Amino acid sequence: MELQIYNTLSRKKELFEPISPNHVGLYVCGPTVYGDAHLGHARPAITFDVVYRYLEHCGYKVRYVRNITDVGHLENDADEGEDKIAKKARLEQLEPMEVVQYFSDRYHENMDQLNVCKPSIEPRASGHIIEQIEIIKKILDAGYAYLSEGSVYFDVEKYNKDHRYGVLSGRNIEEVLENTRQLAGQSEKKNGFDFALWKKANPEHIMRWPSPWGEGFPGWHLECSAMGCKYLGEEFDIHGGGLDLMFPHHESEIAQSIAANGKSPVHYWMHNNMITINGQKMGKSLGNFITLDQFFTGEHESLQQAYSAMTIRFFILQAHYRSTVDFSNEALLAAEKGMKRLMSAIETLPNVKASDTSEFNVAELKEKCYAAMNDDFNTPIVIAHLFDGLKAINAANDGKLKLTQEDLNELVAIYNTFIFDVLGLKEEASGENNELIDYLMDFILDIRKDARDKKDWSTSDKIRDELAKRNIVIKDSKDGSSWSLN
RNA sequence: GGUCUCGUGGCCGAGCGGCUAGGCAGUGGUCUGCAAAACCAUCUACAGCGGUUCGAAUCCGCUCGAGACCUCCA
């Protein structure tokens, strides 16, 4: 079975066929770096990390471009407000690029924690001003943009006559033009719907570059067109991003590329859905977001405890990327426990004793996992199948089910492939990696063992209870006792 | 107001015409000095009403409810 991808353009699943065999160009909208990443940012990062990982796993050579927006993203109205980065810089009395550096570093740290692969190229908007100016020239030459008060705007109405502005979002722009006309008023734009390609810089504006139209800075939508085109070509395979970017950001990207190159830039548009909190989208403007660092430390009033990066990752992968996911402590707790159980398969497998026959269809399990991934990256189904396999593994470990050595080896391969390579989960350190602590704990457990052997339960329980106070959990089993830090 | 999505068992979430996922919690059990952990078993739901069909959670219509986009947001 071959890979099917849900294409926002056609609103249905399509067979994935790359432009050049064995190569995939993947572009994903990265963050605007003016604040800490929150749970909502983790969604596209993880979603497209899995897309990237799976494509690579399938043997494709993927060039994965994820940008950093460090200029041109304005507040409030897309073409009027203050630059987000510049505002932060002003508030913190920093150079804008200090803000960019700081939050880029923090973002990278969070991505590492989430085990998100680094993109092949991570371009910054401010490093591609020349490319953006070149595109604006092309669009002007084609007649789809106009100059106004030192700024350049995209002429949506003109474009819509020859092409269609709204192919991606399914919007009928004529209707919307009616509405915005009334609102536009004394704007320097012909039309409320037109968006800035180049914006003239006011005297107090710090981030500015020279251009044929005077000093200014590029519009937000343009950077992705410029960088996508530069590194992946005028046409490339997959463009990803959050559903909230579909309009106007991605819609405008398409318009810009068609206006400049005469080509629709992207074959497959993929959009991840939102994470909600109390049924509402988690977003910066609503102020209802929880940052990733807050999840990792548990320091937020809505959080009952800290949640590890892998818990967050597993939680997100347990839902399909095109569904909304509602955040709650209960859901996160469930994810945490479930993931630990699933991960235990990796540890159990080497201990299972082989039989000469098999009573579980390992090949079928493998097939089902691939089928799920091929069905538009259905990670929750993959996880469900892995849980089914876990049941068989546990049964075999208890001697209640037979598996041949060959099947056991295959299971190890399947679990390693899907859990680590494709889903991108990793083992988390269970506590401090400290030789002294290890030594002391071994020593303490040894004393406790002596007590237990003498049926000195009061000493044994005292040790257990005392350690529990510091979140050190003792687990007794047939083969002896072990400890872990919770 | 316009465009579009969605309403699944205590909770989270798949499925998208028949074979009634999965996880967490709960309950029962195995193990254990006790406990924890672990393991096994178990709980049968698809907002409401009508229609299409041999058959619908799944298709169509209506009603109610929630959300997203239409201004920046992943």
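Any value given below was found using the heavy atoms of this structure, including those in side chains, with hydrogens, waters and symmetry copies removed. Source: prediction; values computed, not measured. Proteins come first, then strands; the chains are lettered A, B, ... in the order of their sequence lines, and each starts at number 1.
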In whole angstroms, the gap separating P of B/U71 from CD of A/E251 amounts to 13 Å
Q. When you compare B/G48 with B/G28, how far apart are their P atoms, in angstrom units rounded to a whole number?
A. 31 Å
A/R171 has its side chain closest, among B/A14, B/A25, B/C69, to B/C69
Return the polar atom pairs (N/O with N/O) between nucleotides 63-68 of chain B and the protein under 3.5 Å, or none.
from  : atom 1 : to     : atom 2 : distance (Å)
B/A68 : OP1    : A/K281 : N      : 3.4

How far does the C1' atom of B/G13 sit from the matching atom of B/G51, given to the nearest Å? 30 Å
At 4.0 Å (heavy atoms only), tell me whether A/N272 reaches a base, stays on the sugar-phosphate, or touches nothing. base
Notebook entry, point to check: What distance, rounded to whole Å, do you find between the two C1' atoms, one in B/A21 and one in B/G15?
Noted result: 7 Å
In numerical order, the residues of residues 453-463 of chain A whose heavy atoms come under 4.0 Å of RNA chain B are A/W457, A/S460, A/D461
Whichever of A/A334 and A/H249 has the more 5' nearest nucleotide on RNA chain B, that residue is A/A334
| request: For the pair A/W220 and A/H249, name the ring-plane relationship: parallel under 30°, tilted 30 to 60°, perpendicular over 60°. | output: parallel
Strictly below 4.0 Å, N to O, side chains only: are A/D49 and A/R53 in salt-bridge contact? yes
Remember a base hit wins even if backbone is also touched, and classify A/D388 as base, sugar-phosphate or nothing at under 4.0 Å, heavy atoms.
sugar-phosphate
ask   = A/V28 near the nucleic acid: base, sugar-phosphate alone, or nothing, with a heavy-atom cut-off under 4.0 Å?
value = nothing
Going by an N to O cut-off under 4.0 Å, is there a salt bridge joining A/K391 and A/D388? no
Whole-Å distance, A/W483 CH2 to B/A36 P, equals 22 Å
From CG of A/L349 across to C1' of B/C39 the rounded distance in Å is 15 Å
Exercise for review: Give a yes or no on whether a salt bridge exists between A/E82 and A/R90, defined as a side-chain N under 4.0 angstrom from a carboxylate O.
Suggested key: yes
Checklist entry - Is a side-chain donor-acceptor pair under 3.5 Å present for A/S148 with A/E188? => result no
Note: for A/R11 and A/L245 on RNA chain B, the residue whose nearest nucleotide lies more 5' is A/R11
**Q.** Any A/N329 side-chain nitrogen or oxygen under 4.0 Å from OP1 or OP2 of B/C24
**A.** no
Respond yes when some side-chain nitrogen or oxygen of A/K337 is under 4.0 Å from OP1 or OP2 of B/A25, and no when none is. yes
On a whole-Å scale, what distance lies between the C1' atoms belonging to B/U58 and B/U20? 12 Å
Taken to the nearest whole Å, CG/A/L292 to C1'/B/A74 is 11 Å
Test of ring centre spacing under 6.0 Å for A/Y370 and A/F418: yes
Whole-Å distance, A/K340 NZ to B/G23 C1', equals 15 Å
Quick one: label A/G170 by what it contacts on the DNA or RNA (base, sugar-phosphate, nothing), any heavy atom closer than 4.0 Å. sugar-phosphate
A/Q318 has its side chain closest, among B/C39, B/A74, B/G23, to B/G23
Taken to the nearest whole Å, OH/A/Y34 to P/B/C73 is 8 Å
Please determine whether a side-chain nitrogen of the Lys or Arg among A/R106 and A/D36 lies less than 4.0 Å from a carboxylate oxygen of the Asp or Glu. yes
Check this for me: does any side-chain nitrogen of one of A/E122 and A/R66 sit under 4.0 Å from a carboxylate oxygen of the other? yes
Of the candidates B/A14, B/A74, B/C34, the side chain of A/P380 sits closest to B/A14
TODO: Name the nucleic acid region contacted by A/K391, choosing base, sugar-phosphate or nothing; use a 4.0 angstrom heavy-atom cut-off, strictly under.
DONE: sugar-phosphate
- Query: Is it the case that more than 12 heavy atoms not belonging to A/D465 sit under 6.0 Å from its CG atom?
  - Reply: yes
Same-atom distance (C1') from B/G33 to B/A41, integer angstrom:
26 Å
A/Y34 and A/V99 have their tightest heavy-atom pair at CA-CG1, 4.3 Å
>> What contact category does A/I275 fall into here, base, sugar-phosphate, or nothing, at under 4.0 angstrom with non-hydrogen atoms?
In response: base
So A/H239 and A/Y27, would you call those rings parallel, tilted or perpendicular, with 30° and 60° as cut-offs? tilted
- request: State whether A/E149 and A/K189 are salt-bridged, where the test is any N-O pair (Lys NZ or Arg NE/NH1/NH2 against Asp/Glu carboxylate O) under 4.0 Å.
  value: no
Rounded distance in Å between the P positions of B/C24 and B/U32
24 Å
- Does A/N394 make a side-chain N or O approach to OP1 or OP2 of B/C39 shorter than 4.0 Å? yes
Exercise. Could a donor-acceptor pair under 3.5 angstrom be found where the side chain of A/R341 meets the base of B/G23?
Worked result: no
Would the base of B/A35 count as contacting A/D476 through its side chain, where contact means a donor and an acceptor less than 3.5 Å apart? yes
Against the side chain of A/H38, the closest entry in B/G13, B/A74, B/C72 is B/A74
Side-chain atoms of A/A319 come closest, of B/A14, B/C12, B/A36, to B/A14
(message) Donor-acceptor pair, distance only, cut-off 3.5 Å: does the side chain of A/Q294 make one with the backbone of A/T291?
(response) yes
Whole-Å distance, A/Y321 OH to B/G13 P, equals 17 Å
*Give me the ring orientation class for A/H41 and A/H38: parallel if the planes are under 30° apart, tilted from 30 to 60°, perpendicular past 60°.*
tilted
- request: Using a heavy-atom cut-off of under 4.0 Å over every strand shown, decide if A/A384 touches base, sugar-phosphate, or nothing.
  value: base
Note, RNA chain B 5' to 3' with Watson-Crick or G-U pairs under 3.5 Å encoded as ( ), [ ], | and . gives (((((((..(((.....[...))).(((((.......)))))....(((((..]....))))))))))))....
Open item on the list: Mind checking if A/M339 touches a base, just sugar-phosphate, or nothing, with heavy atoms under 4.0 Å?
Closed with: nothing
If you compare every side-chain N and O of A/S344 against the phosphate oxygens of B/A38 (OP1, OP2), does one of them come in below 4.0 Å? no
- Task: Could you measure between the two P atoms, the one in B/A56 and the one in B/A45, and give it in whole Å?
- Result: 15 Å
Rounded to whole Å, the CD-C1' distance (A/Q305 to B/C24) equals 13 Å
* To do: For A/H320, answer base if it contacts any base atom (sugar-phosphate contacts may also be present), sugar-phosphate if it contacts only those atoms, and nothing otherwise; contact means non-hydrogen atoms under 4.0 Å.
  => sugar-phosphate
Quiz item: Any idea how A/F193 and A/Y165 line up, ring-wise: parallel (<30°), tilted (30 to 60°), or perpendicular (>60°)?
Solution: perpendicular
Closest of B/C34, B/G22, B/A37 to the A/F387 side chain is B/G22
(Q) Just checking A/F154 against A/Y159, ring centres under 6.0 Å apart? (A) yes
In whole Å, measure the gap between the P atoms of B/U5 and B/G9 for me.
22 Å
